[in-house]
2 protein chains.
Amino acid sequence: MATPAGAAVTSEPETTAQRARRARIIQATLALASRGGYEAVQMREVAERSEVALGTLYRYFPSKVHLLVSAMAHELERMRIRLQRKAIPGTTRQERVSYVLERSTHSLQRDPNLTEALVRAMMAADATVADEVTGVRNQMADLIIQAMRNGSAPSEEDVAYAGILQDVWFARQIAWLGGRVSSEDIWNDIEQAIALVLRD
Amino acid sequence: MATPAGAAVTSEPETTAQRARRARIIQATLALASRGGYEAVQMREVAERSEVALGTLYRYFPSKVHLLVSAMAHELERMRIRLQRKAIPGTTRQERVSYVLERSTHSLQRDPNLTEALVRAMMAADATVADEVTGVRNQMADLIIQAMRNGSAPSEEDVAYAGILQDVWFARQIAWLGGRVSSEDIWNDIEQAIALVLRD
DNA sequence: GCGGATACTAGAACACGTTCTTGTACGGCG
DNA sequence: CGCCGTACAAGAACGTGTTCTAGTATCCGC
């Protein structure tokens, strides 16, 4: 259960300056994404804002997609910490999972540009980004599974359910950024899927 | 129910030469996609192979994503016709839906490069491609719903189920082209989702 | 403190999606 | 038949992700 973090799997020891650079890059990325979405995250601009050379940016994150997926891992980590502060309300699995996914969804959709950038990157990820994407999916699955089991160990079935719900969640995000459904509809669809998948 | 085709919604009357150009473009697209996937479908190359100028290609399909989504609609249409030739085998909803999705999945995965190109385009679609994407999704939903109801009229619930299954189907394709799961695993996951969503 | 490796900077260069420009062919209308 | 507008051809040009080059700084072992 629960991989502690989906962030960098590379366990290279970094100097303080390097950690600071990495942090500046992620911050610049989030700021640009928040302002104008995926297309506004331009590598030259990220490099300039984080005060590193373009080549250095590419040394830290080998592509725009790597960069944005890493930024998403960073955001999810923040959300996980925030959620862990207090117990998840709800007496049934459905209620708790709905709570967690709703919190996450709304927290993201409060910043539609950022969401668009992060989700689009997840979708654009090819095999070279597999590690980072797996990290994000694990973090997300952890959120769902914790809500389902409320602490106790998950069954194999639980993991499968979490996977399906996550698939639906991502697919609905895509539908939203494909302009085919409104952001309220997204939430209705996800709730419906939760009720369906987790019905007793 | 069942929009007859998800292809061009534009009902502009085309001359014979124009229909031929459009067909050549789609064929060239499919050929290139089949050979090298998404990145091998280069607009200059498509234009050259279909013997139209680059500007003309863009007149017919305003972006690479439009082009590939239209190609997917074309392929799904072929599949629909093929499936309609004979009755769908299976006595339960699960069996029939499994049959249809398995046929479709395998038929696509027999050509992984093509699948990668088409699925990636679906994921990359933004609001400007909403019409084409909706067409593809309708075609796909029709396939599933027809399998579920085996002819009779679908309930509102059925449509929702078809939507969820389609979401899972796409999400699993992404997982596959993200290099995170093998093509057998995809199929297991989809079967599992079918069993779960359509359990009685 | 010194030498060599590694990381970083600055910026040019390249690739491909997309747009723009200029000239030409074609199809309908008087 | 001749004219005009629209579609097409050919290719240059532009933007942004990515790579490459040359020079400089920083860090680590001696």
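So that the names make sense, note that chain A is the first sequence line, chain B the second, and so on, each numbered from 1.
Shown here is A:E48, whose CD atom has no more than 12 heavy atoms of other residues, nucleotides or ligands within 6.0 Å.
Atom-to-atom, CZ of B:R49 to C1' of D:dA9 comes out at 20 Å; the value is rounded to the nearest Å. Residue B:L57 contributes atom CG, which lies 10 Å from atom P of C:dT18 at whole-angstrom precision. Rounded to whole angstrom, the span from the CD atom of A:Q18 across to the P atom of D:dA25 amounts to 18 Å. Taking atom CZ on A:F61 and atom P on D:dT19, their separation rounds to 16 Å, with Å as the unit. A:R21 has its CZ atom 10 Å from the C1' atom of C:dT9, to the nearest Å.
Looking at which nucleotide of DNA chain C each of B:G55 and A:R59 is closest to, the 5′-most match is held by A:R59. When each of A:Q42 and A:P62 is assigned the nucleotide of DNA chain D bearing its nearest heavy atom, the one mapping closer to the 5' terminus is A:Q42.
Here the nucleotide nearest the side chain of B:A53, chosen from D:dT18, D:dA10, C:dT19, is D:dA10. Picking from D:dG17, C:dT18, D:dA7 the nucleotide with the shortest atom distance to the side chain of A:M43 gives D:dG17. Among D:dT18, C:dA10, C:dG17, the nucleotide with an atom closest to any side-chain atom of A:L54 is D:dT18.
Contact check for B:K64 versus B:V46: no side-chain heavy atoms found under the 4.5 Å cut-off.
Across all strands, A:E45 comes closer than 4.0 Å to no nucleic acid atom at all (heavy-atom distances). A:V41 comes within 4.0 angstrom of the backbone, heavy atoms only, and of no base.
Looking at A:R44, its side chain comes within 3.5 Å of the base of D:dT18 through a donor and an acceptor atom.
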